[in-house]
2 protein chains.
Amino acid sequence: MTSTENHNLENHSSQMRKGILEFCILLIIRTTPGIYAPDILRRLKDIDMIVVEGTIYPLLSRLKRENILEYSWEESMSGPPRKLYALTPKGKDMLGQLVLNWKSLSSSITSLLRHE
Amino acid sequence: MTSTENHNLENHSSQMRKGILEFCILLIIRTTPGIYAPDILRRLKDIDMIVVEGTIYPLLSRLKRENILEYSWEESMSGPPRKLYALTPKGKDMLGQLVLNWKSLSSSITSLLRHE
DNA sequence: GCATAGTACTTTGTATTGCAAGGTACTATG
DNA sequence: CATAGTACCTTGCAATACAAAGTACTATGC
């Protein structure tokens with residue numbers, strides 16, 4: 001495999017994630033309110049979504065700025081304080097809508113897959 | 001609803017599509033080899049994926065350049081000639097991989113949704 | 001007290017993607 | 001020849017994900 005082809009494959013894999021990433025993060029936070037960034041990264045890794053800090057921190061900041069997420073501080077025994085994230089009411093509404101979008105998209109793709 | 005909030009909603013809806021778009025286009029072409037761009041746009045619209053020309057033409061060109069798609073020309077009675085797209089063998093391999101990725105992602109999200 | 005390592009969060013620069021808007025070129029119609 | 005319809009392409013912009021480097025807090029070893 002050439003380095004170009006390798007780059008293409010990585011590129012396509014990462015493209016598949018785009019947009020879905022934010023959706024997954026919101027789902028994880030809804031499932032586990034009070035979670036902090038490193039644990040979100042671990043949960044994403046568990047579902048084969050490798051994401052790095054430089055991706056997730058600006059995303060969490062933006063969602064906070066947009067009043068979709070809120071956080072509280074927690075002192076840590078082993079390092080700097082942690083930001084514990086939870087959905088705001090607006091975030092819950094938005095996630096509800098995203099879930100509907102996901103189900104619609106997922107069902108359309110399933111129907112395209114039926115032609116395999 | 002303020003214009004800012006409206007912008008956010010549109011933004012989030014469009015983000016949900018990112019990356020999935022290429023996957024859907026490849027699925028559509030596999031289902032209907034010899035399809036041309038305006039018909040791909042119509043099929044995307046049918047599954048609630050509104051996409052514009054300025055998005056799809058550069059994407060198709062890139063996939064051609066990467067040897068994932070190929071096309072042949074067809075004369076048209078009612079305008080300029082059309083590019084009829086089909087998957088190359090490499091494109092079929094890649095789509096097969098993307099389908100596996102999709103199934104894995106989809107099953108992970110389904111499991112996150114179970115906590116609703 | 002001070003250097004080191006580990007943890008948590010942040011910032012900067014770059015590449016890629018999708019979109020809006022506008023452009024080129026072909027055909028049919030009046 | 002002008003207009004409308006169709007098909008394809010290009011340009012400039014905003015948003016996202018990443019790599020890499022930076023800041024700041026705590027615990028440990030000396």
Side-chain angles (χ1 to χ4, degrees), chain A residues 3-4 6-26 34-42 44-45 48-66 68-69 71-85, chain B residues 3-4 6-26 34-42 44-45 48-66 68-69 71-85:
Chain A
S3 68
T4 306
N6 185 51
H7 173 262
N8 286 346
L9 280 179
E10 287 176 4
N11 188 31
H12 286 277
S13 296
S14 83
Q15 287 322 310
M16 165 80 62
R17 288 205 307 264
K18 277 193 180 179
I20 304 294
L21 175 59
E22 179 178 314
F23 178 51
C24 287
I25 288 174
L26 293 177
I35 195 171
Y36 76 126
D39 275 346
I40 295 175
L41 287 176
R42 281 184 271 271
L44 287 171
K45 194 176 179 185
D48 291 319
M49 276 192 153
I50 310 292
V51 180
V52 296
E53 292 185 327
T55 297
I56 202 177
Y57 281 110
L59 178 51
L60 291 171
S61 296
R62 176 172 63 77
L63 294 172
K64 167 69 165 68
R65 201 164 53 244
E66 291 172 355
I68 290 164
L69 293 179
Y71 61 73
S72 56
W73 287 99
E74 182 194 51
E75 299 299 317
S76 166
M77 304 294 184
S78 60
R82 303 169 170 179
K83 286 182 171 179
L84 306 187
Y85 283 93
Chain B
S3 68
T4 306
N6 186 50
H7 172 263
N8 287 346
L9 280 179
E10 286 176 5
N11 188 33
H12 287 277
S13 297
S14 81
Q15 287 322 311
M16 165 80 64
R17 287 205 309 264
K18 278 193 179 180
I20 303 295
L21 175 58
E22 180 180 313
F23 179 50
C24 287
I25 289 175
L26 293 177
I35 196 171
Y36 76 126
D39 275 346
I40 295 175
L41 287 176
R42 280 184 273 271
L44 287 171
K45 194 176 176 183
D48 291 319
M49 276 193 155
I50 310 293
V51 179
V52 296
E53 293 185 327
T55 298
I56 202 176
Y57 282 111
L59 177 51
L60 290 171
S61 296
R62 177 172 62 78
L63 294 173
K64 167 71 165 68
R65 203 164 54 245
E66 292 173 353
I68 290 164
L69 293 180
Y71 61 72
S72 56
W73 286 100
E74 182 194 49
E75 297 301 316
S76 165
M77 304 294 186
S78 60
R82 301 169 172 181
K83 286 182 172 178
L84 307 187
Y85 283 93

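Convention: sequence-line order gives letters A, B, ...; per-chain numbering from 1. Heavy-atom basis, side chains included; hydrogens, waters and symmetry copies ignored.
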**Asked** Which heavy atom in B/Leu69 sits nearest to a heavy atom in B/Leu26, and how many Å separate them?
**Response** CD2-CD2, 3.9 Å
**Item:** For B/Tyr36, all residues meeting ring-ring contact (aromatic ring centres under 6.0 Å, His included), sequence neighbours excluded
**Value:** none
**Request:** Could you state the atom-to-atom distance from CD of A/Glu53 to C1' of D/dA21 in whole Å?
**Result:** 11 Å
**Asked** Where is the tightest heavy-atom contact between B/Leu44 and B/Cys24, given as atom of each residue plus distance?
**Response** CD2-CB, 4.0 Å
**Note, A/Arg42 side chain near A/Pro38 side chain (heavy atom, < 4.5 Å)** = yes
**Proximity to the side chain of A/Thr55 - top-ranked nucleotide from C/dC19, D/dA17, D/dC9** = D/dA17
**Asked** What is the distance from CG of B/Leu41 to P of C/dC19, rounded to the nearest Å?
**Response** 10 Å
Quick one: which protein N/O atoms are closer than 3.5 Å to N/O atoms of nucleotides 26-30 of chain C? Pair and distance per line, please.
| unit_1 | atom_1 | unit_2 | atom_2 | d |
| --- | --- | --- | --- | --- |
| C/dT27 | O3' | B/Met77 | O | 3.0 |
| C/dA28 | OP1 | B/Met77 | O | 3.2 |

**Request:** Just compare C/dT10, C/dG18, D/dA7 and give me whichever is closest to any side-chain atom of A/Ser61.
**Result:** C/dT10
**Asked** Just how far, in rounded Å, is P of C/dA8 from OH of A/Tyr57?
**Response** 7 Å
**Asked** For B/Trp73 and D/dT6, what is the distance between atoms CH2 and P respectively, to the nearest whole Å?
**Response** 18 Å
**Taking every non-hydrogen atom, the tightest pair across A/Ile56 and A/Ala37** = CD1-O, 4.4 Å
**Request:** Using atom CG of A/Leu59 as one end and atom P of C/dT11 as the other, report the distance to the nearest whole Å.
**Result:** 15 Å
**Asked** Between D/dC8 atom P and B/Leu60 atom CG, what is the distance in whole Å?
**Response** 9 Å
**Prompt:** Angle, rounded to 10°, between the helical axes spanning five pairs at each terminus of the helix from C/dG1-D/dC30 to C/dG30-D/dC1?
**Reply:** 10°
**Prompt:** Of all the choices, D/dA7, C/dA8, C/dT10, which nucleotide is nearest to the side chain of A/Arg82 once you look at every atom?
**Reply:** C/dA8
**Request:** Rounded to the nearest angstrom, tell me the gap between atom CZ in B/Arg62 and atom P in D/dC8.
**Result:** 18 Å
**Item:** Sub-4.5 Å side-chain heavy-atom contact between A/Ile25 and A/Leu60
**Value:** yes
**Message:** A side-chain contact here means heavy atoms from C-beta on lying under 4.5 Å apart; do A/Arg82 and A/Trp73 qualify?
**Reply:** no
**Message:** Could you tell me how far apart A/Glu74 (CD) and C/dT7 (P) are, to the nearest whole angstrom?
**Reply:** 16 Å
